[in-house]
Each structure stands twice: as structure tokens, then as C-alpha cells.
Amino acid sequence: MQIKSLFVTSLEENAGGLVVSIGLMRALKRKIQKVAFFRPIIKKNSPKNDDDIKFMMEHFHLKMDYKDTYVFTMLEAESLIAENQTNILYERIIERFELLEKRYDFILCEGISKSLFTSTVDFDINLEIAKNIGSPVVGVLSGKDKTSKEIWEETKIEGDTIKDEGCTHFATFINRLNSKTLIELTNKVRFLEKDDVPIYLLPEVKELTYPTIAEVREKLNLTYIIGKEKDFKRVVKQSKIAAMNLDHFLERLEDGDLVITPGDRLDMILGSIIANYSKDFPSISGIILTGGFVPNENFMSLIGGVGQYTIPILTSNDDTFKTAIKVGETRAKIMPTSLNKIAIIEGLFNSYINLKNIEQMIDTALSSDIMTPAMFEYRMFEKARKNIKTIVLPESEDERILRATEILQRRKVVDIILLGDKDDVLSRCSSLGIKLQDNIKIIDPATSKLREKYAKKLYELRKHKGMTEEGAKDIINNKNYFGTMMIYTGDADGMVSGANNTTADTIRPALQIIKTKPGISIVSSLFFMCLDTKVLVYADCAVNRDPNAEQLAQIAISSADTAKLFGIEPIVAMLSYSTGSSGSGEDVQKVAKATELVKKLRDDLLVEGPIQYDAAIDKKVAKKKLPNSKVAGRATVFIFPDLNTGNNTYKAVQRSSNAIAVGPVLQGLKKPVNDLSRGCLIEDIVNTVAITAIQAGEDK
């Protein structure tokens with residue numbers, strides 16, 4: 001039987017139900033176009049403040065009305081139960097659930113821990129709801145501070161309870177396990193019978209339990225006097241009251257400390273800030289000034305004048321002790337802006353959970369021609385993860401590159417090499433609150449042992465162009481040239497640059513050293529245009545201003561191959577302002593000639609041209625203009641005749657239809673090098689690195 005919903009529930013608070021829901025939603029969105037998130041009862045009495053609903057809707061771009069995601073607040077549900085009106089409770093929930101069933105392909109439900117209800121609720125309301133809506137149950141247990149024996153007994157009790165309540169038991173997730181207990185339970189789970197309910201184990205990850213400065217600010221209603229929005233994402237590992245002498249306090253300072261000190265202790269404020277930027281001291285997360293004291297204007301100007309200042313300073317009217325108590329009570333949240341925590345969760349599921357098994361159990365069968373932006377992204381990262389490649393990032397001085405590196409390491413998508421002085425990079429990461437893994441490779445071109453080897457090889461490659469040995473030694477100091485030589489020699493698989501460099505600075509070394517693929521004489525670019533239900537390829541929109549017919553044909557062939565590499569069936573439309581033989585002119589003839597060249601060079605490709613955009617994408621128009629074409633109305637790869645047309649079209653579609661444009665992706669090189677926009681976002685860098693890794697894994 002095909003499963004159309006799942007109900008995630010836990011007996012205790014902080015078991016990690018949202019973590020499991022995030023992992024399951026990612027698995028569902030890989031396969032299913034329309035997924036709903038449903039929380040029958042929400043914790044807060046202000047309905048629009050449910051953190052889990054807000055996260056799932058925003059992060060997974062769920063197209064739902066907020067009012068459809070829940071039915072009752074906890075107070076309303078308890079009142080109905082106390083008045084013996086549970087029939088009304090279930091009727092309303094079933095009514096909403098059935099409405100969602102009609103609108104969506106799958107519904108992921110999440111309950112509220114029974115421990116949050118008062119003694120009025122003396123039964124597991126989540127199981128009753130799951131039974132009434134016919135949704136299989138996913139149990140979540142916390143393994144924190146428990147022995148493997150205790151956890152195993154809880155697992156059996158939970159399974160018996162679900163069965164006794166008449167529910168279908170889909171799976172159990174045991175979360176927050178320490179390393180010792182994880183190993184012990186793994187050995188037990190390994191010997192479960194095939195027909196037993198699957199048990200999945202997840203380790204405790206401390207980073208998920210740390211609140212951010214933003215969460216502390218919200219919890220304590222603090223006022224900030226210095227700090228940028230990005231700085232409030234720093235995590236608080238623990239708090240430290242700074243009330244003793246500065247030299248004694250510095251001895252006790254630890255990484256991730258939130259320093260709490262009276263606002264008139266200027267020595268502690270300055271000492272904490274200086275320690276943060278010192279290579280010999282830990283990095284703090286922020287400073288709270290207590291007692292309602294705020295340093296004078298001159299002092300604040302002194303701090304504000306520090307270049308690239310990153311330490312948020314907040315004020316509290318409470319005394320130091322009361323402030324510290326409230327900070328300790330602050331619970332960590334997972335928000336759409338918590339990129340590192342989200343990456344950690346994805347890494348956990350990829351490492352510990354058999355997602356294919358879950359997908360098979362759900363047994364979803366959907367049309368293969370549907371691909372949402374989420375599906376494309378998830379499949380892209382899954383493909384990169386299956387064949388880990390090493391990607392060089394030359395611009396380690398850029399904060400966006402460092403934050404993207406942290407996320408990529410968390411998601412376990414690629415291996416990264418950063419170019420730059422190791423001490424400088426790590427010091428900058430520390431001051432920014434960025435945690436790179438210990439195995440990160442950081443190479444300084446100016447001091448690396450590889451420098452001489454690369455310079456010698458570069459001289460051999462370029463001496464026919466007049467390069468001297470001294471010139472090669474000098475140019476190899478350039479990070480883009482050094483990174484390109486890493487790719488050429490096989491020390492790395494690909495490179496991503498351009499956050500601080502021009503496109504020419506990125507591509508030039510690749511053209512001189514790596515060169516183009518056999519049969520391809522031109523490097524071109526494409527964008528993946530992610531629409532609601534499909535992903536299209538647009539080329540060339542970023543590199544070649546006015547390609548001739550031969551170049552246009554090569555762009556089409558490269559784009560078709562790239563599309564296929566990313567799971568898109570290449571159906572190629574050679575665009576023009578006329579369709580078939582309806583128009584004439586030099587521009588039309590160029591496209592017609594390019595089309596014939598593609599057919600001659602690659603008879604395996606479906607290609608049509610000249611063809612107008614509407615005839616290429618709209619089946620109704622295609623029937624009128626080219627009724628016998630195998631491409632018209634079905635095109636997935638759109639080749640524009642020049643840069644002016646391509647660049648304007650992709651931007652028009654992006655802005656007018658809210659499409660997500662992923663790119664530009666460079667193609668045609670023997671080994672992949674990709675260019676970033678200088679205005680790129682962190683997620684753009686992450687996507688481009690994943691794309692580069694997939695290109696590097698392409699069969700030669």
C-alpha cells in the first residue's frame with residue numbers, strides 16, 4: 001500500500017523531533033512535488049508563532065496558507081479534552097487533514113510532546129490523532145544521559161504502545177546518543193529481523209544544542225548597541241560572568257563564551273574584545289552588559305572604529321546574576337537562517353540514515369518529468385556526495401567563502417582546499433565564529449612546497465608563448481594560477497573563484513593551462529533555470545558576446561552534455577526571432593547553420609532550429625508552428641543566438657516568474673573551473689561548488 005503521510009511524535013521534550021522532521025522532509029522533497037507540513041496542535045497560544053511550522057514553510061518553500069498547517073492551540077485542545085469533547089477535537093483535525101490530502105501528494109505531520117500537556121491529558125494524544133487520520137507513526141526517543149539498556153527498553157515499550165493503540169509503526173529514531181551508546185545500540189540494531197520496525201540511530205551533536213546570540217537576545221529582550229545581523233548568528237557554547245580581575249578572567253576564557261559583565265567594567269569589555277582578536281586566546285560569541293549601564297560615547301566610538309568588528313554587544317537592565325540565569329535557560333532553536341545547523345542535520349542523515357530504505361517504504365511513484373527547484377538541489381547534492389571530489393577555493397580572504405566552506409564540510413559534499421596563509425585564515429575564522437573541521441586543507445602559494453613544481457610545469461606549458469622561468473615563478477604566486485595548476489596536476493579536481501576576481505581573471509588561467517575538451521574550441525556558460533515544476537537550461541548568458549555558427553553549435557553540444565550530467569533530458573532549441581523557414585536574414589541563417597552542424601556532429605541529440613521561444617516551450621504554439629517537430633513544445637535546453645538576448649532573457653524570467661537561476665556554470669574545459677558573481681550569496685557559492693564537483697566526476 002502506498003503511504004501518503006507520516007506522523008512524527010516523541011514522548012519527551014527536546015528529543016529532536018524537528019531534526020527528524022527536517023531529515024524526512026528532505027527525503028520526501030527529493031521525490032515528491034507537493035508536500036504539506038501539518039501540526040494538528042501547536043504549543044503557543046499565538047498561532048503564528050509556532051517555530052517548527054515557520055521553519056518548515058520557509059526553509060522548504062512550502063506553498064501553504066499558515067492557517068492550514070494547524071487546527072488547535074494546546075490550550076484549546078486541553079479545554080476540549082477537559083470538557084469531554086474529544087470527538088470535536090478529532091473531527092476538526094480529520095476535516096483539516098482530508099482537505100490537505102486533496103491538495104497535496106504527501107503530508108508530513110508532527111505532534112507535540114505529551115510531557116508539555118497538563119495532567120488533564122492522561123493519554124498519548126499524538127497516537128490518538130495518528131490513528132484517527134490513518135497516518136503511520138515515526139517515534140522519536142532521546143538517548144541523552146541514558147544507558148543502552150534503558151534506551152532499548154524504552155524502544156520496546158514505545159513499539160508495544162503504538163501497536164496497542166492500533167497505529168501503524170513506520171520507524172523509530174533514537175536521537176542524541178553519545179559515542180559509546182551509539183556503538184552498543186548499533187550492534188543490537190544490526191541483528192533485527194527484516195520484518196521488524198526499522199530503528200535509526202543519531203549521535204548527539206553539541207552544535208545543535210547551542211543557542212545563538214539572536215536567540216539569547218530574543219529570550220532576554222536585550223538591546224544591542226553594537227552588532228550586525230550576521231554577527232547575531234554566532235553560537236553561545238556557555239556563558240561566563242566577568243567579575244574578577246581581568247588577568248584571572250582571561251585564564252578561564254573558553255571558545256564560544258558569552259561574556260556577562262556589568263556595563264561599567266570597561267576593563268572587562270576591552271579585555272574580552274582584544275582576546276577575541278588575539279591568536280593566543282579563544283574566540284568569544286558576544287558580550288552582555290548588565291545593570292542598565294552603557295559605556296560613554298567616546299568608548300563606544302573607540303570600539304566601533306575597529307576594522308571588521310564582529311563581536312555583538314548587548315545590554316540588560318537585570319543584574320549580572322539574574323542575566324546569567326536567564327541565558328542558561330535559553331533553548332537553542334533551528335531557524336531558516338541557521339545554515340550551519342541545517343547543514344549539520346543533513347550531514348547526520350546522510351551519514352547515519354538509510355534514506356533509500358525510507359523512500360522504498362514510502363513507495364512514492366511520480367511522473368518523471370516533474371522536477372521542482374528543491375528536487376533539483378537535493379539530487380544535485382546527493383550526486384556530488386556519492387563521488388566526493390576536491391575543490392579549490394582561492395579566495396580565502398572572503399568571509400562568504402569561509403562560511404560556505406563551513407556549510408559544505410557540515411553537509412559532507414566535497415573536500416575543500418583553501419588557498420592562503422593558514423594562521424591568517426584560522427584567525428579570521430575564529431574572529432567570525434566560523435568553525436572549520438580539523439582536516440581542512442589550507443595551502444599558502446607563497447610558501448608551499450608545491451610552488452617550485454608548479455612554476456616549472458607552468459614554464460614548460462607556456463614557454464612557447466614567451467614565458468620565462470622567472471615569470472612563471474612570479475605568476476604562480478597568483479592564487480588563481482596556483483589553483484589551476486593544482487587541477488592540472490591532479491592535486492585537485494576543480495576550482496571555484498570570482499567572489500573577488502573578475503570572470504577574466506578566473507577563466508584566463510584555465511584557458512592557458514587546462515584548455516578545452518577535444519572537439520570544443522570555446523568555453524561557454526549556462527544557467528539552470530528552476531521553475532515550479534521543471535528545470536530548464538539557458539545558454540550562453542554570461543561569456544560569449546556574439547558567437548558564430550560553429551561556436552553556437554559547440555555551445556549547444558556542451559549545454560546538452562551538461563544538462564544530461566545533471567539529470568535533465570537534453571531537448572535542444574536553437575532560438576531565433578523566427579521559426580523554421582518563416583523568416584530570413586543573417587542572424588537567422590547563423591542559427592540555421594549552427595543547427596545543421598549540431599545534427600551532423602551529434603546525431604544522438606534532439607535539436608530544432610531556428611525556433612522561437614514560444615514554439616519551443618508551449619505545446620499549443622508548437623502544434624501551429626512546427627506540428628511535426630520532436631523538439632517544439634518540449635525543449636529543455638535553450639540556446640540563445642547572442643549574449644544580449646541570453647542575458648536579458650534569463651534575468652527577465654528570473655525576476656518576473658520568481659525562478660531560481662543557478663549559475664553561471666562554465667563548460668567546455670577539460671577539468672571544471674567555475675566563476676562566481678562578485679555579488680554572490682553564500683548559498684550561491686555552496687551550489688556552485690557542488691556543481692563543480694559533479695562536473696569533475698563526469699566520465700571522460
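As a basis for the values below, the full set of heavy atoms in this structure was taken, side chains included, without hydrogen atoms, waters or symmetry mates. What you see is a predicted model; the values in this text were computed from it and never measured.
Here the shortest heavy-atom pairing between V588 and S576 reads CG2-OG, 3.7 Å. The two atoms that bring P336 and I342 nearest to each other are O-CD1, 3.8 Å, heavy atoms only. Residues I611 and A573 share a closest heavy-atom pair of CG2-CB, 3.8 Å. Heavy-atom minimum distance, Q409 versus L436: OE1-CA, 3.6 Å. Residues Q667 and S558 share a closest heavy-atom pair of OE1-O, 3.1 Å. In plain terms, the two heavy atoms of A549 and K590 that are nearest each other are CB-O, 3.6 Å.
Using a 4.5 Å cut-off on side-chain heavy atoms (C-beta onward), V673 and I507 make no contact. Inter-residue side-chain proximity for S559 and V572 is flagged as unmet; no heavy-atom pair is nearer than 4.5 Å. Taking 4.5 Å as the limit, every side-chain heavy atom of K237 sits out of range of all side-chain heavy atoms of S285. The side-chain heavy atoms of M485 and I476, taken from C-beta on, include a pair separated by under 4.5 Å. Side-chain contact between T516 and I522 is absent, with no heavy-atom pair separated by less than 4.5 Å. By the 4.5 Å heavy-atom criterion applied to side chains, P394 and F482 are not counted as neighbours. T212 has its side chain out of reach of M335: every pair of non-hydrogen atoms, C-beta onward, lies at least 4.5 Å apart. For the pair L339/V686, no side-chain contact is recorded, criterion being any heavy-atom separation below 4.5 Å from C-beta on.
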Exercise for the section: Would you sort out whether N647 and K651 count as a side chain to side chain contact (heavy atoms under 4.5 Å, CB included), showing the intermediate values? Expected result: CA-CA 6 Å; N647 191 270; K651 287 182 177 178; 3.5 Å; yes
Exercise for the section: Evaluate the criterion salt bridge (Lys or Arg N to Asp or Glu O under 4.0 Å) for residue pair D398 and R678; output intermediate values, then yes/no. Expected result: CA-CA 11 Å; D398 192 294; R678 275 171 280 180; over 6 Å; no
Exercise for the section: Show your working on side chain to side chain contact (heavy atoms under 4.5 Å, CB included) between K233 and N340 and close with a plain yes or no. Expected result: CA-CA 10 Å; K233 297 176 184 177; N340 289 335; over 6 Å; no
Practice task
Just do the side chain to side chain contact (heavy atoms under 4.5 Å, CB included) check on I568 and F528 with the steps written out, would you?
Solution key: CA-CA 10 Å; I568 300 169; F528 292 108; 3.9 Å; yes
Problem - Trace of the side chain to side chain contact (heavy atoms under 4.5 Å, CB included) decision for M574 with V607 - result: CA-CA 7 Å; M574 307 293 287; V607 59; 3.7 Å; yes
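Y454 and D491 share a donor-acceptor pair across their side chains, judged by distance under 3.5 Å alone. Side-chain contact annotation: S524 with N544, donor-acceptor N/O pair under 3.5 Å absent. Checked by atom type, the side-chain pair S351/K412 shows a donor-acceptor distance below 3.5 Å. Side chains of S525 and D540: a donor-acceptor N/O pair is present below 3.5 angstrom, by distance only. Q695 and N674 form a side-chain donor-acceptor contact under 3.5 Å, judged by distance and modelled atom types alone. Using modelled atom types and a 3.5 Å distance limit, the side chains of N477 and R451 yield a donor-acceptor pair.
R234 places a side-chain N or O within 3.5 Å of a backbone atom of I284 that can act as its donor or acceptor partner. Looking at D493, its side chain does come within 3.5 Å of a backbone N or O of T390 through a donor-acceptor pair. Side-chain N or O atoms of R428 include none that pairs as donor or acceptor with a backbone N or O of S396 at under 3.5 Å. Without hydrogens or angle criteria, Q512 side chain to P509 main chain gives no donor-acceptor distance under 3.5 Å. Counting only distance, with no hydrogens or angles, the side chain of S431 and the backbone of Y277 share no donor-acceptor pair below 3.5 Å. Side-chain atoms of S448 do not come within 3.5 Å of backbone N or O of P445 as any donor-acceptor pair. Distance alone, capped at 3.5 Å, is enough to place a donor-acceptor pair between the R400 side chain and the A499 backbone. For the pair T595 (side chain) and V591 (backbone), a donor-acceptor distance under 3.5 Å is present. Remark: the backbone N or O of A556 is not paired with any side-chain donor or acceptor of R602 at under 3.5 angstrom. In this structure, K389 contributes its side chain and G697 its backbone to no donor-acceptor pair below 3.5 Å.
For the atom pair CG (D415) and CD1 (I417), the distance works out to 8.5 Å, reported to the nearest 0.5 Å. If you take CG on D675 and OG1 on T692, they are separated by 10.5 Å, rounding to the nearest 0.5 Å. Atom-to-atom distance recorded for L461:CG and K457:NZ is 6.0 Å, nearest 0.5 angstrom. The CD1 atom of I571 sits 11.5 Å away from the CD1 atom of I617 when rounded to the nearest 0.5 Å. Separating the CG atom in L458 from the OG1 atom in T489 is a distance of 11.5 Å, to the nearest 0.5 Å. Expressed to the nearest 0.5 Å, how far SG of C530 lies from CD of Q654 amounts to 10.5 Å.
Around CD of E550, the count of heavy atoms belonging to other residues, nucleotides or ligands within 6.0 Å exceeds 12. Crowding of K473 atom NZ: a count of heavy atoms from other residues, nucleotides or ligands under 6.0 Å not exceeding 12. Counting non-hydrogen atoms of neighbouring residues, nucleotides and ligands closer than 6.0 angstrom, the NZ atom of K422 reaches no more than 12 such neighbours. No more than 12 heavy atoms of other residues, nucleotides or ligands sit less than 6.0 Å from atom NZ of K593. Heavy atoms from other residues, nucleotides or ligands lying under 6.0 Å from CG of D604 number more than 12.
Under the side chain to side chain contact (heavy atoms under 4.5 Å, CB included) rule, L418 has a single partner from I401, D444, L426, which is I401. For the side-chain hydrogen bond (donor to acceptor under 3.5 Å, both in side chains) with E395, the qualifying choice from N500, N480, N501 is N501, the only one to do so.
Taking the six-membered ring for Trp and the full ring otherwise, Y538 and Y650 have centroids separated by 6.0 Å or more.
Salt-bridge annotation for K435 and D255: absent, with no side-chain N of the basic residue lying under 4.0 Å from a carboxylate O of the acidic one. Salt bridge annotation for R508-D505: present, with a cationic side-chain nitrogen under 4.0 angstrom from a carboxylate oxygen.
Both the sub-6.0 Å distance and the 45° axial angle are not jointly satisfied by R26 relative to the ring of F349.
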